[in-house]
Each structure stands twice: as structure tokens, then as C-alpha cells.
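Keep in mind it's a predicted model, so treat the numbers as computed, not measured. Chain identifiers are assigned alphabetically (A, B, ...) following the order of the sequence lines, protein sequences preceding nucleic acid strands; residue numbering begins at 1 within each chain.
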Protein chains: 2
Amino acid sequence: MPGPIQSLERAAAILRLLAGGERRLGLSDVASSLGLAKGTAHGILRTLQQEGFVEQDPVSGKYQLGAELLRLGNSFLDVHELRARALVWTDDLARSSGESAYLGVLHQQGVLIVHHVFRPDDSRQVLEVGAMQPLHSTALGKVLAAYDPVAHSEAAEGERAALTGRTVTSAADFEALLDLTRARGWAADLEETWEGVASIAAPVYDRRRMPVGAVGISGAVERVCDDDGAIRPRLVAAVRDCARAVSRDLGAGRF
Amino acid sequence: MPGPIQSLERAAAILRLLAGGERRLGLSDVASSLGLAKGTAHGILRTLQQEGFVEQDPVSGKYQLGAELLRLGNSFLDVHELRARALVWTDDLARSSGESAYLGVLHQQGVLIVHHVFRPDDSRQVLEVGAMQPLHSTALGKVLAAYDPVAHSEAAEGERAALTGRTVTSAADFEALLDLTRARGWAADLEETWEGVASIAAPVYDRRRMPVGAVGISGAVERVCDDDGAIRPRLVAAVRDCARAVSRDLGAGRF
DNA sequence: GATGAAGGTCGACATTGTCGACCGCGTCCC
DNA sequence: GGGACGCGGTCGACAATGTCGACCTTCATC
């Protein structure tokens, strides 16, 4: 394989750097963070700015991500076949379950949320499309880790941070959890990622029967579980039905 | 000014090409569309793929936009100060007006929607964040064209397509419309972009009193206008109040 | 008004991306 | 069935290209 294009790799690194740091970054920050000469970093930033991928605050001279990224990210959603097929089914899932519905795919070391349907009530909610979730602690992530070999190695080799007191961090426990997930065909997250929040997810397959994503719901643990602390079977059934429906829509045939 | 980086410009052109065409594109399509040698296009695509900006369909070999763009677009929203300040006010605007609320900024030759609050009812709506709207026919666009010199030249020099029978296309009429907008301090769009849809928008200023965006509402013309076909003053007031509130939040002071 | 650090420019250098010919594979059509 | 086309992808020579580090200007600080 011939070598990748250096200037592009560096441009991508700059964009990721700008995306990571909360605040705007100056030219010198960017150059030193990536070990580049100032002139080099400036040339890349200037081109990125010209193309709209980066914007510069006129007064401070600092850089931040540009609007073109939002436009392209939206175009990505338009083309995304899995998301298009899942739109109507996740809508039904949110309505029938009364909780927020999510569609996630593997991206780098996490789950990228590509679709999110708000919980059907009038509460104020923030859209999480484009956000990342950890593989090891969320229901969506566990499903991907259990069924997608690439996701599995990312989750197994990556760090498993203890996000709450209930997060499973040890390798053996995590593998046991994935075995359970494969045996049941779905995964849960009982306050392992956020205190008070539980979620349920199931895998989505494409026409070649390969796992390509996961759908799930997420909500307050008091609603997702019954009085004994057990996950409500009705919700599990709704999630699995939705996953099957989307898979069928993708051409995976019946199970 | 030293020259921009060629490979980056080409990579950006490829991404825009992939964003524009509805379907996936093959290597040869990309190369011939941009007048590049196949080897060159392949090198850029390979690097973009490695960085997650482009994905390749394993069976057809065709390319489409990648998930990293969604993630970065989301990060752009996180950093966007105008959007952050407008979140709560646009929420109020949607609630008080009963219509969808939008926040738009100038981007290239159009209005980029950076925030969108659904109309507060249970109807199925699609999120338009990341979408582009024309400058010459929408209320948001007219506000920007009226107050932002850059937007004005883009709108004046660009093509003004007749999207409906009521779209204003002639240069003189358009300038008159902008004069009216400046005189009133707000703009309207009465079925000039989509049949049956009317919208109202007002400008948002930053701490230097420069126009940086526009907020507005959009809805069925029957609801936005009264029985005589006149725009409901209550809605105009709500939009202008919201624009003032956001401007104040940005440090523009009182008017 | 000296100082330092910021963003930005410049020009020499050789690294680096580019080009077009070439490869292997699948498909379509004789 | 076999040849020819078109596809995605590779290769290596060449020089155009991006890179580097010294330098400039500006601004805030002391």
C-alpha cells in the first residue's frame, strides 16, 4: 500500500484537535500540539479556513471548527442507508416504549449515534446525533462489541473507564457480559454509564447477515426496570422487534 | 499570501462532490469529475478513508462520506457560541409562537441552519440542522442579505431561482425587499420558497453590533398569516423579541 | 520603551504528492 | 466461453509541492 498523504493526515489531526479541545486554539497551540513548524501549521489552517472547515476569530486570531463540517455531516446522514431505513421503525419504538430511541454504529473506539428520537413527552431534550458513547458500558456499545469483531477488539483492547460504581471494567467480567449478550440476543446497561439511566439495545444486520449497527432505548432506571429491579420484558421485546424490522428492511430476511 | 495546499483543496473538493451527488461515486467518477489522474484521486480517497472522512462500500468499491464528518459537525455545534446562547431563547420562541424556530448563519451562498426547534405538537418533523436554505427567498436569508454586506453580495450576484410562483427574482425587486427589511427590522417569506409555507426572521448582533445570524419561525401560511393574508403582528413581535434577547446575550446591549 | 509571545510571511530545499502506464478482476456482449 | 471493456487499485520516475526555521509585525505586559 502506497503511503498516505501527509498534509491530509495533518489536516485531519488538526480538525480532531480542534474538535477535542473545548475552547478555541491559537496557531502556536496547534503547531506545538502536533509537533509541526508554525509555518506548516499555518499553511494547513489557511487552506482549511478557505474551504470552510475551520473558522478564525477575527479579534483573537484563534481557530475553531468551521460550518462546512456541519453541512457535510448532514450530507453524511442523508446518504446513510441504515439510518434511512431505521427512521420509521425507531419512531415507532420511541412511541411504543415511551423512551428515547437511538441508532448507533461503530466508529473508531466508540458508538456514534446516527439517529435519535426524543422521548414522547414535552420535556426538554438535547439531540445526541453525532455524539459518541463508550463501547464497554452502554447497551448499544455492548451489542456492537458482542456481534462485530472489530468492535470487540476495540472494546477488549481499549481502556474501560469506571464511569459509575456499576461499570464493568475487568476483562473477564466484560467477556462474560458479551457472552450473555450473544446468548440473549440483546444487551442492557443498568446505570453503568450514567447514574439513574438504563438502556436496552439489540443488533441490526444487513443483507449479508453482518452486524452493522444497534438500536436501543434509554431512560430513567425507574421506568426501564420494574419494582424488583428487573428489566421490563415488554421494553426488551419492543427493542428486539425494532432491530428485526430494520434488519428485514435492509434485506437480512426473516429470522 | 502564500499558496494554499493543493492536496487539501482537492480533498475538500472530493468531499463536496460526494456531498452533492445523491448516490455513491466510484473512483473513476471522482477522478474525471475533478480532472484528476486516477492515481491521485485514489491517494486522496485512501487517506480520507483512513481518517474516517470517507467510507467505501466493500462490495461495489464506491465511496461515500464518512462518519467522522458527523462527529466533527457535532463538535462544531458544541463550540458554536451563537448557537449556545440562542438555545434557550429559540425554545421559548417555538413555544410562544407555536411554530418551528430556526437559527441560521451565512455560509457560502446560503443560510446554514445551526439550530432548529420543532413546532410544539406531536407531528412528525425532520431536523433541519446542517441544511442550507437560499438567501434570496427565505426570511432568514433576506435578513442576512439585508444586514450582512458579504451576504448581500452573495445574494445580489448569485442566481435567484424561482422556487415558487411568488419568488422575487429581479434585482430591483430584490433590493426593494431588502430596503423594506432594513426599514422594518425584520423579513418575511410568503410562499416564496415552499408552497404553503411562510416564515418570519430578524437579525442577531454580536457585541460589536455586527450582524452574525438570524432567528426566525416557519409554518403553514394559514397559521402565520391572518384571514386577510397579513402576517400576524404577534408572531413578528415574538421573533424580534427573540432576536433581541439573543443579541443581548451575545453582549450587543440594549437597543 | 523594552520585552516576550502572539499570528503571520518568506524563500531555499528535498521531501512529497502527482502523473500516466500498468495490473488483476469482474461483467457484459458477442 | 472468451475476448474486450471498464472497474478499483498499484507502481515508479519526476518535479512540483509542501515543509521548515529564520524573520517580520503587532500587541499586551511590565
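The minimum heavy-atom distance between B:Ile5 and A:Thr47, with the atom names listed, is N-OG1, 3.0 Å. Nearest approach of B:Leu27 to B:Lys38, heavy atoms of both residues: CD1-O, 3.9 Å.
In this structure, the CZ atom of B:Arg46 is 13 Å from the C1' atom of C:dT16, given to the nearest Å. Taking atom CG on A:Leu25 and atom P on C:dA5, their separation rounds to 19 Å, with Å as the unit. The CG atom of A:Leu45 sits 15 Å away from the P atom of D:dG18 (whole-angstrom rounding). Separating the CG atom of A:Leu27 from the P atom of D:dT25 is a distance of 18 Å, rounded to the nearest angstrom. In this structure, the CG atom of B:Asp57 is 16 Å from the C1' atom of D:dG9, given to the nearest Å. Rounded to whole angstrom, the span from the CG atom of A:Asp29 across to the C1' atom of C:dA5 amounts to 11 Å.
Distance alone, capped at 3.5 Å, is enough to place a donor-acceptor pair between the A:Thr193 side chain and the A:Ser137 backbone. In this structure a side-chain-to-backbone donor-acceptor pair under 3.5 Å is missing from A:Gln133 to A:Gly141.
Nucleotides C:dG11 and C:dT15 place their P atoms 22 Å apart, quoted to the nearest Å.
At C:dG8, one or more side-chain N or O atoms of A:His42 fall inside 4.0 Å of OP1 or OP2 (strictly under the cut-off). Contact annotation: A:Tyr63 reaches the phosphate of C:dG8 (side-chain N/O to OP1 or OP2, under 4.0 Å). At the phosphate of D:dG9, OP1 or OP2 sits under 4.0 Å from a side-chain N or O atom of B:Gln56.
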I'd like a table of atom pairs between the protein and nucleotides 18-24 of chain C - only N or O on both sides, under 3.5 Å - with the distance next to each one.
{"residue": "C:dT18", "atom": "OP1", "partner": "B:Arg10", "partner atom": "NH1", "Å": "3.4"}
{"residue": "C:dT18", "atom": "O5'", "partner": "B:Arg10", "partner atom": "NH1", "Å": "3.4"}
{"residue": "C:dC19", "atom": "OP2", "partner": "B:Thr40", "partner atom": "OG1", "Å": "2.6"}

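Side-chain contact annotation: B:Glu128 with B:Tyr102, donor-acceptor N/O pair under 3.5 Å present.
Ring geometry for A:His136 against A:Phe174 counts as perpendicular: the plane angle is over 60°, on a 0 to 90° scale with 30° as the lower cut.
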